[in-house]
Each structure stands twice: as structure tokens, then as C-alpha cells.
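Working notes for the structure below.
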Amino acid sequence: MTLHGTDREPAGTEGADGPSALFSALVDDAGLYPPALLPMSAALARHYADEDADSPVLSHRFLCPASRLDELRAMLSRPVKVGLILDTPAYPDLGRLAGLTDVDVDLVEVALPAGTTLDALVGRLRPDVSTARLFVEVPPTAPHDVPDGVGLKVRCGGQTPGLFPSTHELGTFIRGCVERNTPFKATAGLHHAVRHADPSMGVYKHGFLNLVLAVCAAIDGRDPARALELMDRRELVARARSVPPETARRARELLVSYGSCNTHTPIDDLHRLGLAERHRRAPRAAKEEIVTSSWVPGADTSPYTIAHLPYGVFSRPGEPPRAGARIGDHVLDLAPVLHDEVFTSGTLNDFLARGRTAWRDTRRRIQRLLSAGAREASANRAATEPHLIPLDQVRMHLPVEIGDYVDFYASLEHATNLGRMFRPDAEPLTPNWRHLPVGYHGRSGTVVVSGTPVTRPRGQRLPGPGQAPVLGPSRKLDIEAELGFVVGAGTRLGDSAGAFDDHVFGVALVNDWSARDIQSWEYVPLGPFLGKSFATSMSAWITPLEALEAARVPGRAQDPEPLDYLRRREPWGLDLTLEVRLNGEPISAPPYREMYWTPDQMLAHMTVNGAVLRTGDLFASGTVSGAEPSQRGSLIEISWNGTETIRLADGRDRTFLEDGDTVTITASAPGPDGSRIVLGEVTGTILPSPA
Ligand code: MN
């Protein structure tokens, strides 16, 4: 049997010895299919990026429904290899496929319709798909004799629990294919290498490594179901390493490939297991693609230039919230200009879940549409300008549905100052502080968007030393000026996070409002609780990491050197300068670049125990305080726990916040070519406690 139509030999060639032969060209790109369901443009952009990165694990075959082949062809900028999935009873004119030059259809997949025999279906389709291989999807339960040159397709999972075959069923199918020498493809549910429980669906999901090893087991006369059941990673890795080359070659002749809507997870999984190289990054965009000037009036001289483009969620009166990008004093309505329904959902979560390649592609497309220098600028302007809405006509909403909220304590100066005040007789820094980024889990349900009023919280506090606690409104209501990090792509339970910019989408300013009198009484021994959970404000605009490229710095020197998992692999310190204004008056300018722990270290620490990371999670830096009194990011530091007053321009004094006070935090950072980027502000006004 030959595997015509593939330009990568599946196994055993090009010196591909060892486990890599098992995974060569294993994964077909199913980005159009659930759960990813990428729009065609995003799926194709990711596919091109994957091709440029050229991972040997990918087949570089793009799975496309026959009903959408013309849509795909209209968007191609270079030819692609296609696996065509016949999704309508009225199949298109398959005979024409051989004549197409922009798509190379090298296999065709079709489900076996009820009441049709396999022979009848093959007899009907085969003449038309003579240049491609035909794979017929059958239930995994019974082995099938198939005509020579035709393969089978087996479903390994899906959107409902009933679509997951048991290890016994799948094992029986595999044994049947091995015995009959029938090549097969797999589809659905195989995102991860190793079999694992999915509690949200109430099923065990099959692993593609299990599947490959099950085929090897069947070839060697062992029970494939047993290999499908294995969940011990070390044993699976050891087995993969010990497959004889002849068995590997034979296994991949039979298991042609499987479709995955996520092309990065399989590679990342194999990398973590030490079985493959990680997916190499696509090359950066060429210099001439970096745009610096926009046709949007006023944008080039505003802090919201085309090099910034933060994302938010907005609404006009009477209309549902949807996603936009800010340019100058306008918000660009993204759904109609990008023809993408993901931006109509009312939060950015679904967009964030698409991952880094989609984020980058979307940003490039927006920049191209808004660029003054693009060749098609006047046409872009004509199409895009109707969807620019002045900011004063919109209301901003919380941009993401927050998953988990974690707050760190990453400023050496803040931790030292607070330690001195709360524990005057002890070392200001606790023994753990220089060894790990200290943090706690906050309350995500009370994360509110900038502009939301904050009601003075009530709680237990001590009226004085040695006195009994009373319940009442906080008298030491404070702010914490922080930088928040919004998670786009999550992790699987049990895994630690990979590269920082593969997971974190962007940054937003955060005010972690704090009731110091409640906090100081309640926090021992389990940490912050009601003194923090009444409100946390975040800016309405999320600045993508890509916009902060010019602001990246190595991060402050650390002594002692942290453990290896906390080692900085790339510079993720950020040269951001915050500004805190109280009733409009600047009272502090905290420097974020001086923070002791950088956000990549926080991410590594937060996931080192296997805790899951989800789209929409928010983690914040902790109060940003510098060494100078003018750089402190909280009132408890500025007023030294109420012992020193702040004199405002109107002649009034402050230690902590009064009812009616408004606190606004902004920040700026270097942008490209000497420009500045100004982050979306976070502001809030204190309302009196209810009686
Ligand atoms: Mn905090």
C-alpha cells in the first residue's frame, strides 16, 4: 500500500528513528470544527502560521467541510493541502477536485449513511475521488472489510458523553484494522496525549499517545485496549521509547492521522513528555508590516494610537454589549468589520480562548484596516469608518467574565512597609518572601469595571488596642494600585503553564480596594478575606501584551536566586509608570519596573502545583510601591497607617478615603519609536456605607 498524496512520509524515513517516528505528520488541522469552531479567516491564519513554524507532528492538512470549500478557496493566499469532509448528502462535484490548483485535496472523509452499505457508498464515490484517498466513518463496534485502498474513520469523542467509545470498543476496532490491514483515521476528542478524566463531561477522554501505542500493541499481538487504558505518563513514555522501528513504521501506515481542532496542544503535550520538539514560533511579522499611522482623526497624537489598540466591551443605549478596540477617542465595533461573531458575545472570553496566534492575527487585521499607509487604505476607511463610534456615546462593561482572581504581593517595598506596620517587632519580610511570589485567592465575583461606585464596606474591627471588636463601616478604607494580567489560554488540570505569552493575553490596571482595619483584625492566620473581597476594580480596556513590546525589561535582580521553575526565561518586567490621583490630584507615581517578582514568575508559581488556569482568570501584581515616598501605591503607606496626613490642593487632609472621594489610577509605558502608550484608567468613587 502506498500513501500517495502526502509529502511527508509517516514513519521510518529521513532518519526518523525513536519515538518521533510515531508522531510524524500525525495531526490534521480541524480548526473549523468544535470545540474551536474558528471562523474561516482565523482558522486559515493559524494554519499558515503552523505551516511557517513547520512542526513535524502536524500533517499540514487542513480539514474543510465540502460545503465550505469555496469559502476557503476565496481566502487563500497560497495553496493548502486539504482533507475534504463530505458534510452534505448532496456531495459537490467531486470530479472537479483533481483540476484544482489552489487546494490539494489528498483525502476525502465521509460518514456511512444509515441504510447504505460500505461497498455501495465506496462504489458510488470512488470514481470521483480517484485522486484522493477515501475514508469512511463507521461506528467503532464492528470490524469492516473494506475495498483495497479505502480506509476507515473512527470517532474517539465529541461534544456529548455518548460519543466517547469505550477502550474495549476502540481496542476492538484497532485490532480489526490491524488484522485486515485497513488504514484508518481518528477524529474528535483527542486533544491530549494521555488518557484523562474530564469531570465536566463525566467521561474519560482518550489520549492520542494511547491510541498510537494501542496500534503498536495490536501489531505486536498484544491487547490494544490495555494501551488505551494507561494513564501513567512514565509508563506511556517508556513504551513510546521502546517501540521497535518496524512496529512504528507499520503503526503509522495504519493510523494515518487524526483531526484536532487545537494544533498546539498535541505538540506541547509531546514536548512535556519529552517525546517531541516544541512547536517553533512563527517568524515575526516583517518590519514593513508594523504600522504607526492611522487615518482615524486624532489617533496618531492620542495615547491610543494604532500601536496600542486595547480591547474592551461596550454598548450603546438599548443595544447589547459587544467587543471593540480603542483607537483615539473612538471604539471600533469589531464584529462587523472582522465579520466574526465571537465579538458579539458580550465578553472577550471566547476570543481570548482562541490563543496567541489568533490574538496576533486579529491585531494585525485591525491594524491593517486602520492603517493610513496600507495600499488599500481608502477602501479600508470607507468600509471601516461607519463602525467607529465616539467613546462618549458608549458605556463600558467588564471586558472579561473573570474566572479565578489571584492577588500577589510582589513589591519588595510594599511588603517591607506593610511588614513594618503590621508586625513592628519582627522582620518586615516573612522568611518565604524572597523564595516565592506570595499570593492569595481573591473574590472574582466582585471584580468590577472601572467607574463602578464602591460602597464603603462594613465589618469587624477593633476600636482600640485591647478592646472588643465591633461591627461597623471601615474607617481605614484604602486603595492598592496594581497591574492585572488577563489569562487567555488556560492549562489542563495537573499541568503547569508554558510560556508566559502563550497564556497571558494582556494587562489591565487594577485597584484592589482594601479595608485596613478589617484586614488587620481578620488576616491571621489565613490571610486577606472580607477586608478585600467587597470590591476590586479593573480598567475597561485590556492592553494586549504585543502592544507592550517596547516596555519589556529584564526585571529586578533577585537574591537569592529562585528555584529553577521560577527562573526568568524571557524578560517580562514591564517599564510602566503608574499614577494615582485622589479627587483629580496626583498623589503618587509607583514604578512597576521595580517590582521584585515579574508576572511570568507569578504564572509559573500559580500553576506549579497543577492548579488549572482558565480563560478569563485574572492575577494581579499586588500593590506597586517604589523606594521613594512619592512612589507608594497605597494610602496606608503614604499616610504610614494614618499617622501622617496628605494635604490636598483644596486644603483638606486625608489619611484614608472619605465618602465621595474618587481614586483614579493610570499608567504609561514606552511604545514603538519613542511614542508612549497609556493604559486604560481604573477609577471609582466611594459611596457611604448603608446605615
Ligand atoms: Mn492587593
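Ligands are counted one by one from 1 in listed order, and the atoms in each one are counted from 1 as well.
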If you draw the axis of the six-membered ring of Trp572, does the NZ or CZ of Arg552 fall within 45° of it and under 6.0 Å from the ring centre?
-> yes

With 2.8 Å as the limit, jot down which protein N, O or S atoms are around the Mn ion (ligand 1).
-> Asp407 OD2, Glu480 OE1, Glu482 OE2, Asp512 OD2

Ring centroid separation Tyr311 to Phe351 under 6.0 Å = yes

If you count the non-hydrogen atoms of other residues, nucleotides and ligands that lie under 6.0 Å from OH in Tyr440, is the total more than 12?
-> yes

Determine whether more than 12 heavy atoms belonging to other residues, nucleotides or ligands lie under 6.0 Å from atom CZ of Arg458.
-> no

Name the atoms and distances for all side-chain donor-acceptor pairs under 3.5 Å in residues 634-642, with sequence neighbours left out.
residue: Ser634; atom: OG; partner: Glu637; partner atom: N; Å: 3.4
residue: Ser634; atom: OG; partner: Glu637; partner atom: OE1; Å: 2.7
residue: Glu637; atom: OE1; partner: His414; partner atom: ND1; Å: 2.7
residue: Glu637; atom: OE1; partner: Ser625; partner atom: OG; Å: 2.9
residue: Glu637; atom: OE2; partner: Asn417; partner atom: ND2; Å: 2.8
residue: Glu637; atom: OE2; partner: Ser625; partner atom: OG; Å: 3.0
residue: Ser639; atom: OG; partner: Leu635; partner atom: O; Å: 2.8
residue: Ser639; atom: OG; partner: Gly642; partner atom: N; Å: 3.0
residue: Asn641; atom: OD1; partner: Lys476; partner atom: NZ; Å: 3.1

With no hydrogens and no angle check, is any side-chain donor or acceptor of Thr598 less than 3.5 Å from a backbone partner on Asp600?
-> no

